[in-house]
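In the text below, chain A, chain B and the rest are named by the order of the sequence lines, each starting its count at 1.
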There are 4 protein chains.
Amino acid sequence: MNEKQETKYQLILDAAFEQMKENGFEKASVSQIVKRAGVAQGTFYLYFDSKSAIVPAIAERILCEQIDVVRNEVRDGDDILSIVRVLIDQTFALTDKHREVIKFCYSGIAYYDSFQRWEDIYRPYYEWVELKLQEAMEKKEIPSLSVLSYQAKLIIGIIEQSAETYYLASDPTKEENVDIYKEELFQFIKRALS
Amino acid sequence: MNEKQETKYQLILDAAFEQMKENGFEKASVSQIVKRAGVAQGTFYLYFDSKSAIVPAIAERILCEQIDVVRNEVRDGDDILSIVRVLIDQTFALTDKHREVIKFCYSGIAYYDSFQRWEDIYRPYYEWVELKLQEAMEKKEIPSLSVLSYQAKLIIGIIEQSAETYYLASDPTKEENVDIYKEELFQFIKRALS
Amino acid sequence: MNEKQETKYQLILDAAFEQMKENGFEKASVSQIVKRAGVAQGTFYLYFDSKSAIVPAIAERILCEQIDVVRNEVRDGDDILSIVRVLIDQTFALTDKHREVIKFCYSGIAYYDSFQRWEDIYRPYYEWVELKLQEAMEKKEIPSLSVLSYQAKLIIGIIEQSAETYYLASDPTKEENVDIYKEELFQFIKRALS
Amino acid sequence: MNEKQETKYQLILDAAFEQMKENGFEKASVSQIVKRAGVAQGTFYLYFDSKSAIVPAIAERILCEQIDVVRNEVRDGDDILSIVRVLIDQTFALTDKHREVIKFCYSGIAYYDSFQRWEDIYRPYYEWVELKLQEAMEKKEIPSLSVLSYQAKLIIGIIEQSAETYYLASDPTKEENVDIYKEELFQFIKRALS
DNA sequence: TATGAATGAGGGTTCATTCAT
DNA sequence: TATGAATGAACCCTCATTCAT
């Protein structure tokens, strides 16, 4: 039962994701989405209150992929700076991959009444990074920091911001610089953690 | 008669420009545009084949403003590096000013089947820069370069690209760096012209 | 089992009744009704063939309330004219109380193909009044009447009709006249029973 | 040009009027209305802001019919009491004729934000009655009344209210009483004008 | 019996585009 | 050239009804 629910929700979300990736938010019609998903028009509204309600769901989907991918790259016992490198690499990679969708996700934030939804989406990510900071502190890799939850948010924030700044402009010819850019970012965070 | 044409065309273009600046491309309706322009619905289609045909016209309009402004800042006899500085400053200023519109102009390129239209729009700009390079060469400010038209395109290209990379990301907190960024760009071009 | 059926049926009917009282027939959606009733969407269709099938059920419900209330007010041995007074008072009271619902119940008659359903609903009411007439005849309160069942229908009919005429017009300012109106009605029936 | 506009507006209004007369407001769909009117879906919205915007238009239409019919029945030089008789007769006749539509017109008043629209619709009617009162006063048929515009509104108001009270209940069997009812109403106004 | 996810026709409305004037 | 009424497809969304469980 639960699995079938998952399936329909995922079908719609996947279809919406692809459709919006190709045509942007405005031009991706609900009827195209449901046709692509192979479900009825009304089914869409069983899972989403409105067309725009899909925006945070897509954001969540991207972030989940991000968390999965990061977790897969990190081994138990990795030092915090290696983890930061992974965070940077994967955030840049996913921002690059999902460029088009991220663009309207972020402008979509404005539409959304409450920060709460976004907080909910990010919470597991924040908590995982916070945990890693905690472990690093216990292993004396980094000094004792006052409020770890804030530190986690700051690190995630600066990495995402940098990736978006880099990729959301449409020109991909300067990608030679991305390594330098990422190195600068890494050094910044490294210093911030000393 | 010609003047009246100019007038109607300009009225519509101005209205479209403002409307799209405020609401984006999709949400700016033709009926809003014509109302703002003070012309009839059908008149729109005397000057534009379709709603999306306005996109290159807006690009042209911005570029014309760019050319005008650059020409006003440049005096006869200015050396080529001063001119490059003007190009950089004005390109950055206009990209900043027209951020919103430029965003969909560039995504609009994709819609358009042929590069030809964009080539046409840019041609006078390219030619003017090419002329300046020519003069600089004759005045021995720069060495003898093989294909001047390519050099002009490269210079314009790299400046626009940089400005867009800088401004089209939404975060305005890093604006302190713009001068450094521009200086790097200038040095790059300067070396390229030695 | 029977009791549980009763319960679900009543839950749905009550919910429908309230919902339609508040929003009218068209705007009361089945999904709102089942939510209010605390049952599943499909359960509705176990008890009602369609949304409009609820209309005669509501009529029945009102009429049942009517019969109950009348029976409670009437004592064994009451003379027929006292009973007529009770009928008038209670019919007017219930028509007043359920104004909104009665309005679309009566326009709903049009939807319904057969009078049969309405006949079925009214039968117990008719029979009870007929019984009372029978008793009155035996006690010589009224003369010997030919077809008692018709007399019963006529009496119930004229009372309901009068109450609806009085209340279904929205203007409540003339309510001072209700007693005169009811008295006229009573006299009419009284004469008809002599 | 003006005539064609009249035509389309009238076509839609007529179709809406008939459709709503037959099915009520909710069940009369815009698509049915435009089909009946023989115009395109979008054309509806050239003349009405929304489906509910048709409600005051229908009210206006009925009132216009009312004014026309009254003017045709009244001769120059008729005394004011004859005119009042005509007003009563015609108001009752039209309320009877348009029962169904009037029902939701009046509940539709609630939906409408401003009294202004209704004031505008009624103004010509008010003014015509006021004029007749003015003439009656000059001919000494009635005593000198203070604010004629108020008197006009009161007379129109009481007649409409009475007609609606009488007809909006669905039962037509008591129409024998209508003449008495109207006579009472006439006497009331007659006394009010002495 | 009871569920509730799924359906899809139909709702009101918008809007790019056309065409007779 | 200029108009703007007219078009109708497509938009997002609702809801009575069905059906596999």
Q) What residues form a salt bridge (Lys or Arg N to Asp or Glu O under 4.0 Å) with D:K21, not counting sequence neighbours? A) none
Q | Nearest-0.5 Å distance, CD1 of residue D:I54 to CE of residue D:M20 | A | 5.5 Å
Q | Residue list, salt bridge (Lys or Arg N to Asp or Glu O under 4.0 Å) with B:D14, at least two apart or on another chain | A | B:R61
Q) Contacts to DNA chain F from residues 34-42 of chain B, heavy-atom cutoff under 4.0 Å, which residues? A) B:V39, B:A40, B:Q41, B:G42
**Q.** Distance (rounded to the nearest 0.5 Å) between D:L94 CG and D:R99 CZ
**A.** 12.5 Å
Q: Quick one: which residue pairs count as a salt bridge (Lys or Arg N to Asp or Glu O under 4.0 Å) with a foot in residues 31-55 of chain C, not counting sequence neighbours?
A: C:E22-C:R36
Q.
Under the rule for salt bridge (Lys or Arg N to Asp or Glu O under 4.0 Å), what residues qualify as partners of C:E65, not counting sequence neighbours?
A. C:K97
(Q) Does D:T43 reach a base, just sugar-phosphate, or nothing at all? Heavy atoms under 4.0 Å. (A) base
(Q) For A:F44 and B:F44, find the nucleotide of DNA chain F closest to each by heavy atoms; which residue's nucleotide sits nearer the 5' end? (A) B:F44
Q: Calculate the interatomic distance between B:M20 atom CE and E:dC15 atom P; express it in whole Å.
A: 13 Å
Q | side chain to side chain contact (heavy atoms under 4.5 Å, CB included) against B:D68, all qualifying residues, sequence neighbours excluded | A | none
Q: Starting from C1' on F:dA2, measure out to CZ on B:F48 and report it in whole angstrom.
A: 15 Å
Q. Pairs counted as Watson-Crick or G-U wobble with both distances under 3.5 Å: what dot-bracket string results for DNA chain E, using | for bases tied to another strand?
A. .||||||||||||||||||||
Q) What integer distance in Å separates A:I54:CD1 from F:dC12:C1'? A) 13 Å
Q) Does the side chain of C:K8 get closer than 4.0 angstrom to OP1 or OP2 of E:dT3 through an N or O atom? A) yes
(Q) If I take atom CG in residue D:L46 and atom P in nucleotide F:dT3, what distance separates them, rounded to the nearest angstrom? (A) 18 Å
Q. What residues form a ring pair (Phe, Tyr, Trp, His ring centres under 6.0 Å) with A:Y45, not counting sequence neighbours?
A. none
Q: Take the protein atom NZ of C:K51 and the nucleotide atom P of E:dG10, then report the distance between them rounded to whole Å.
A: 16 Å
Q) Does A:S29 place a side-chain N or O at less than 4.0 Å from the phosphate oxygens OP1/OP2 of F:dA10? A) no
**Q.** Partners passing side chain to side chain contact (heavy atoms under 4.5 Å, CB included) against D:A37 (at least two apart in sequence or in another chain)
**A.** D:L11, D:I12, D:A15, D:V39
Q: Send over the distance from B:I33 CD1 to E:dT14 C1', rounded to a whole Å.
A: 15 Å
Q) D:Q32 or B:A28: which one's nearest nucleotide on DNA chain E is closer to the 5' end? A) D:Q32
(Q) Using whole Å, what does the distance between atom C1' of nucleotide F:dC11 and atom OH of D:Y45 come to? (A) 12 Å
Q | Separation of atom OH in C:Y47 from atom P in E:dT3, rounded to whole Å | A | 9 Å
